[in-house]
Amino acid sequence: TFDDFQFITELNLDSTGYKFSTFKKIPGDTNSISMEGRLNTANFVEFKTFKYKIQDAIMRGSGKLNLLDSQDFIFNLFGENISVKSIALNFSPLEAMESGVANISLKGNGTWTSLENLNYEGTIKLGDASFKAEGFTHPLILNANLDLENYKSTINSATLASSDSAIQFT
């Protein structure tokens, strides 16, 4: 029956390019989306599992999309031990990063037809994120906990170290 319509699919986006805010996907980058879910009689698509992969980074989650009038959606995404270097070329705030890992957790909602008005909140935990900064002989190492909310990030705590020196932020 219609309320039992279930799906499993994988989209290969390797040859596709797209941009969203500070994120840019270049054609040729390894990129895929896989989903498992169902379409119910109320015209909602429920994503039981969702996996977004770019380079070596994987984000997993779930969500719900209204196919009728409002086209509203909600989502939850998380990624653990993501190599910062593997996504640095795609995410402009991380372009200078050479190593490190990130744990990311996001939840949000919006309207499919106006992603620029997306509402979200979440956290990012950076561990041993290394980058070279102008005027410094040695790479800087950043460990930080950040809160995200609608295009704004707040550093809750951080340590920035270089060679034998370190600065802590709280």
Side-chain angles (χ1 to χ4, degrees), residues 10-36 47-63 73-110 112 114-170:
E10 182 165 347
L11 306 170
N12 181 328
L13 302 174
D14 291 355
S15 63
T16 305
Y18 53 89
K19 184 176 181 187
F20 178 74
S21 186
T22 57
F23 183 85
K24 177 175 64 175
K25 196 286 189 179
I26 302 161
D29 289 349
T30 301
N31 186 209
S32 65
I33 297 175
S34 55
M35 300 172 262
E36 180 179 345
F47 298 99
K48 185 172 121 182
T49 61
F50 179 88
K51 181 171 92 172
Y52 178 82
K53 180 178 181 184
I54 185 151
Q55 311 298 23
D56 295 328
I58 296 175
M59 295 285 290
R60 298 181 190 280
S62 60
F73 67 93
I74 58 172
F75 67 90
N76 290 295
L77 292 172
F78 66 92
E80 296 178 332
N81 297 316
I82 294 173
S83 165
V84 174
K85 185 176 182 175
S86 73
I87 61 169
L89 293 176
N90 302 99
F91 190 51
S92 60
L94 300 178
E95 284 177 343
M97 297 293 177
E98 298 175 343
S99 65
V101 295
N103 292 322
I104 303 169
S105 176
L106 296 171
K107 66 179 180 177
N109 63 68
W112 186 248
S114 62
L115 291 175
E116 67 276 6
N117 296 322
L118 178 70
N119 295 305
Y120 66 90
E121 61 183 36
T123 59
I124 296 179
K125 183 175 181 177
L126 288 173
D128 295 328
S130 170
F131 62 98
K132 290 191 177 180
E134 188 175 324
F136 287 84
T137 309
H138 299 285
L140 298 174
I141 310 292
L142 176 64
N143 289 285
N145 294 313
L146 296 92
D147 283 338
L148 306 173
E149 184 176 359
N150 299 332
Y151 304 98
K152 181 179 95 174
S153 58
T154 304
I155 299 173
N156 288 327
S157 62
T159 302
L160 186 62
S162 178
S163 191
D164 293 330
S165 301
I167 299 173
Q168 287 191 321
F169 302 90
T170 53

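In this structure, Tyr52 and Phe23 have perpendicular ring planes: the angle between them is above 60°, well past the 30° mark.
A donor-acceptor distance shorter than 3.5 angstrom exists from the side chain of Lys25 to the backbone of Leu13, with no hydrogens or angles considered. A donor-acceptor pair is defined here as one N or O able to donate and one able to accept, closer than 3.5 Å; no such pair exists between the side chain of Asn109 and the backbone of Tyr120. In this structure a side-chain-to-backbone donor-acceptor pair under 3.5 Å is missing from Asn156 to Leu146.
Rounded to the nearest 0.5 angstrom, Ile104 CD1 and Lys125 NZ are separated by 13.5 Å. Note that CG of Asp29 is 4.0 Å distant from CD of Gln55, once rounded to the nearest 0.5 Å. Taking NZ of Lys53 as the start and OG of Ser32 as the end, the distance is 6.0 Å to the nearest 0.5 Å.
Under the side-chain contact (heavy atoms from CB on, under 4.5 Å) criterion, Thr123 pairs with Ser105, Asp147, not counting sequence neighbours. Checked against ring-ring contact (aromatic ring centres under 6.0 Å, His included), Phe78 has no partners two or more places apart in sequence or in another chain. The side-chain contact (heavy atoms from CB on, under 4.5 Å) check on Asn12 picks up Asp14, with sequence neighbours excluded. Residues satisfying the side-chain contact (heavy atoms from CB on, under 4.5 Å) test with Asp56, not counting sequence neighbours, are Ser86.
Between Ala102 and Ile124, the closest heavy-atom pair is CB-CG2, 4.5 Å. Scanning both residues, Asn119 and Asn150, for their nearest heavy atoms gives CA-OD1, 3.0 Å. Minimum heavy-atom separation, Asn103 to Glu80: OD1-CA, 3.2 Å. Of all non-hydrogen atoms in Ala129 and Met97, the two that sit nearest each other are CB-SD, 3.8 Å. In terms of heavy-atom proximity, Ile82 sits nearest to Ala57 at CG2-CB, 3.5 Å.
Counting only heavy atoms from C-beta outward, the side chains of Ile54 and Ile87 approach each other to under 4.5 Å. Side-chain contact between Leu118 and Phe75: present, with at least one pair of heavy atoms (C-beta onward) separated by less than 4.5 Å.
Counting non-hydrogen atoms of neighbouring residues, nucleotides and ligands closer than 6.0 angstrom, the CD1 atom of Ile155 reaches no more than 12 such neighbours.
Counting only residues at least two apart or on different chains, the salt bridge (charged side-chain N to carboxylate O under 4.0 Å, His left out) pairs with a member in residues 84-108 are Lys107-Glu121.
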Please table the atom pairs, donor to acceptor, closer than 3.5 Å between any side-chain atom in residues 136-144 and protein atoms at least two apart or in another chain.
from, atom 1, to, atom 2, distance (Å)
Asn143, OD1, Asp128, N, 2.7
Asn143, ND2, Asp128, OD1, 3.4

